[in-house]
Amino acid sequence: MKIGDEMLEQEQWTKVIGPRSGWFDVHLSDLWHFRDLIGLFVKRDFVAFYQQTILGPLWFLLQPLFTTIVFTIIFGRIARIPTDGLPRMLFYMAGIVTWNYFADCLNKTSDTFVSNASIFGKVFFPRLTVPVSIVITNLITFAIQFVLFLAFWAFFYLKGSDIRMTPWVLLTPALLLQMAALGLGLGILISSMTTKYRDLRFVVGFGVQLWMYATPVVYPMSSIPEKWQWLFALNPMAAIIETVRYAFLGAGALRPFHLALSLGMTVVILLAGIITFSRMEKTFMDTV
Amino acid sequence: MSDVVIRVENLYKEYRLGTISHGTLHRDLQSWWARVRGKEDPNSLISHHDRLPGPEAFADNPHILALTDVTFDVHQGDVLGIIGRNGAGKSTLLKILSEVTAPTKGTVKMKGRVASLLEVGTGFHSELTGRENVYLNGAILGMTKREITRKFDEIVDFAEIEKFIDTPVKRYSSGMYVRLAFAVAAHLEPEILIVDEVLAVGDAQFQKKCLGKMGDVAKGGRTVLFVSHNMAAVQNLCSSTLVLSNGSLVFSGKVDKAIEWYFQNDIGQGTMDLHDGKERSGNGLVRFTKITTCNMRNEIIDSFPLGQGCKIYLDYECAKGFSPHNVEVGVAFISVLGLKVAMFSNVVANQPFHDLSPVGRICCTIPSVPLTHSEYVLGISISCNGETCDWVDKAMRISISEGDFYKSGRLYYPGSTLVYLPHNWTTS
């Protein structure tokens with residue numbers, strides 16, 4: 001009888017807090033309940049970015065524009081790296097805009113815990129709302145930059161350059177989602193580890209830069225000797241960038257197998273990230 | 001017992017002290033390896049066999065227990081006050097209850113929606129307007145957009161800032177900022193509200209308003225957990241009270257009894273070893289070795305009720321072969337803002353020490369400390385023949401708590417005055 005009473009009471013508790021337990025203590029449904037918060041974080045980050053600047057959202061355009069120009073001069077004119085016969089500006093811009101989205105997602109989510117310690121230390125809400133909102137904010141930035149790319153695309157198209165969109169364009173949303181997942185997954189994985197070992201913060205900074213050079217952003221896959229190409233299959237970003245370029249410009253090395261492999265890696269990294277993050281969020285306040 | 005809304009059972013929280021270094025990684029791996037093999041973590045103080053390790057485990061172990069075996073129930077509609085000295089574990093307990101950090105062992109079970117207010121204005125962004133911040137802060141605290149919209153006017157009304165609601169909060173005065181932040185929190189409608197020391201901010205009038213609002217919450221059948229150093233507020237608001245000391249629950253019961261118990265029994269470590277470490281200056285011919293604060297009954301405490309007496313004992317020793325002459329000893333009460341509120345010198349007080357023994361203890365007795373309830377730092381100095389021998393700027397902290405100075409049961413609000421002076425009022 002007594003046992004029955006206790007069981008009845010057990011069921012009435014709406015929340016039970018205990019020591020951190022298994023590895024799979026993940027509550028993604030909480031994220032949905034806090035969707036308003038995600039929206040407000042996005043708004044905050046977006047508005048705060050250009051508050052008290054003269055050019056405002058224009059800054060989102062200037063950054064890829066100038067990088068493209070610099071790349072065109074250094075890698076195109078001076079180093080004379082081939083661009084698969086594509087107009088150099090377009091070739092670099094496609095790479096930069098795509099890469100930037102991934103790099104921003106990774107960079108900004110990777111210090112979620114450390115830079116939000118003051119909020120996280122005071123109130124509970126699903127911690128994943130923060131990195132998810134970062135990925136969405138970056139999506140807005142990407143959209144703006146992407147419009148710039150399309151404008152250049154139209155300009156070169158009308159000028160009669162040899163570029164063409166392929167049906168692969170339809171894959172763009174999926175590729176974006178994959179980059180978001182990859183950036184987020186890796187970012188929160190690193191962020192979970194930086195709570196204890198701050199060394200990783202420094203690694204991320206230049207690691208992302210080095211990674212860009214290991215990815216066909218400033219050079220095409222076709223300029224890589226055949227015997228080394230397998231190495232790029234291990235880089236999930238390589239296939240994505242090449243696919244985007246092929247989709248919009250009609251030249252480049254499209255490798256469905258690499259793309260599938262990249263997708264597989266993304267899923268694994270994202271899952272690892274979410275699991276580690278959920279485990280860390282319960283105790284990171286003690287170490288941060 | 002169906003009306004128990006919070007049940008805390010055998011709660012432990014362990015923290016690791018010290019800095020993270022290469023040694024950390026080594027110990028992490030050690031702990032991890034022990035867990036993998038199903039053995040006990042050699043770096044943890046909490047054993048899984050319900051027994052605390054012996055003292056040998058504490059030496060050299062960088063872990064401390066912030067909460068030890070805390071168990072209590074809270075009933076629906078209770079306003080539970082939690083009091084204790086700094087470091088007693090109050091904030092740790094609230095952090096666990098509000099899910100900011102997980103306990104090391106033990107469980108907390110709760111019924112209903114919980115909102116915690118460990119700080120006002122969490123997540124306020126200075127570039128955003130008042131309106132945007134109300135939404136952001138509300139959402140962080142767990143409200144949906146629709147709920148906030150419904151209560152928006154009420155919130156703005158409560159905060160008394162209608163005119164400035166569309167101004168970025170960085171242009172707000174600190175008072176307006178706090179008012180807006182509290183207004184948002186006050187309009188949460190949780191079944192359980194957890195509040196930490198947030199009333200220490202804002203002006204007196206607004207504090208009253210907040211207390212009133214919290215009282216309303218409790219009358220509405222909701223449960224409030226309230227941590228404060230403001231005993232008057234605890235007394236006004238709470239129906240029952242817990243006293244924490246060094247991480248353990250030491251008293252639980254009616255609020256008056258708890259406060260009484262707290263003042264009488266929670267004897268602090270009102271003593272500090274000064275042999276080394278401290279920032280100090282002087283020629284070192286005489287050095288302070290220990291400072292101790294006692295009440296008039298010579299019980300060592302570090303918290304004195306306003307108006308009560310205080311004895312400060314200073315132990316000293318001299319360098320070999322040095323015998324002190326014409327000694328001046330000084331003690332200063334320094335406020336948290338760095339203001340020297342009161343100074344005591346045996347020379348100024350015309351009670352000179354011509355000769356002192358090479359090792360000894362000096363006592364400064366203050367029959368009544370009429371300083372406003374707050375934290376103070378004691379600075380101490382000793383000089384011989386006009387030369388400073390030892391000067392310790394921050395020898396130890398002491399706190400003055402609320403006391404019934406005028407025997408009227410009333411006090412000025414903290415921060416509104418520095419000293420309480422005896423005086424008389426007459427009419428003619």
Side-chain angles (χ1 to χ4, degrees), chain A residues 5-6 8-21 25 30 33-53 116-127 129-130 133 194-199 279-288, chain B residues 1-2 4-5 7-8 11-16 20 24-25 28 66 95-120 122-123 125-129 132-133 135-148 168 191-192 196:
Chain A
D5 279 353
E6 261 175 21
L8 199 69
E9 202 170 276
Q10 289 263 307
E11 280 163 18
Q12 288 170 356
W13 302 112
T14 52
K15 187 180 284 174
V16 176
I17 305 170
R20 81 176 178 188
S21 47
D25 200 5
D30 285 356
H33 291 298
F34 277 80
R35 58 191 182 278
D36 284 346
L37 181 59
I38 298 180
L40 287 162
F41 275 144
V42 170
K43 192 175 163 197
R44 175 195 70 181
D45 292 342
F46 196 69
V47 172
F49 179 82
Y50 60 79
Q51 202 69 254
Q52 279 204 3
T53 60
N116 289 288
S118 61
I119 300 184
F120 286 0
K122 296 296 180 191
V123 63
F124 174 79
F125 52 89
R127 304 318 191 198
T129 49
V130 173
S133 77
T194 38
T195 60
K196 254 191 191 169
Y197 311 111
R198 296 288 167 87
D199 313 42
R279 190 173 158 77
M280 220 44 222
E281 70 177 12
K282 290 189 184 152
T283 51
F284 94 98
M285 271 322 295
D286 309 340
T287 44
V288 77
Chain B
M1 298 296 273
S2 59
V4 174
V5 288
R7 171 162 290 168
V8 175
L11 208 63
Y12 286 85
K13 179 69 189 177
E14 182 184 63
Y15 280 108
R16 175 158 60 195
I20 305 281
T24 318
L25 186 57
D28 279 352
K95 275 185 180 167
I96 292 174
L97 290 176
S98 48
E99 281 191 275
V100 165
T101 187
T104 314
K105 201 183 156 198
T107 52
V108 178
K109 294 171 187 161
M110 298 199 257
K111 264 179 227 167
R113 186 166 128 171
V114 184
S116 61
L117 198 53
L118 302 192
E119 178 191 66
V120 285
T122 306
H125 195 289
S126 57
E127 298 284 352
L128 301 183
T129 65
E132 288 164 330
N133 269 314
Y135 277 94
L136 184 63
N137 188 231
I140 287 179
L141 293 173
M143 286 195 264
T144 62
K145 230 176 188 168
R146 194 191 292 165
E147 269 179 284
I148 303 167
E191 274 95 37
I192 300 169
D196 193 3

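Chain identifiers are assigned alphabetically (A, B, ...) following the order of the sequence lines, protein sequences preceding nucleic acid strands; residue numbering begins at 1 within each chain.
By the salt bridge (charged side-chain N to carboxylate O under 4.0 Å, His left out) test, B:Glu99 is found to be paired with A:Lys15, residues two or more places apart in sequence or in another chain being considered.
The shortest non-hydrogen separation linking B:Pro103 to A:Ile17 is CD-CG2, 3.8 Å.
Contact annotation for B:Leu128: only side-chain heavy atoms (C-beta onward) come within less than 4.5 Å of a heavy atom of chain A.
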With a 3.5 Å cut-off and sequence neighbours excluded, list the donor-acceptor pairs that the side chains of residues 34-49 of chain A form with protein atoms.
residue: A:Arg35; atom: NH1; partner: A:Trp32; partner atom: O; Å: 3.0
residue: A:Asp36; atom: OD2; partner: B:Lys145; partner atom: N; Å: 2.7

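Between chain A and the residues B:Ile96, B:Leu97, B:Thr101, the most heavy-atom pairs under 4.5 angstrom are made by B:Thr101.
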Checking A:Trp13 against B:Val4 for the side chain to side chain contact (heavy atoms under 4.5 Å, CB included) test, could you report, in this order, the C-alpha distance in whole Å, the side-chain angles of both residues, the deciding distance, and whether it holds? CA-CA 10 Å; A:Trp13 302 112; B:Val4 174; 4.0 Å; yes

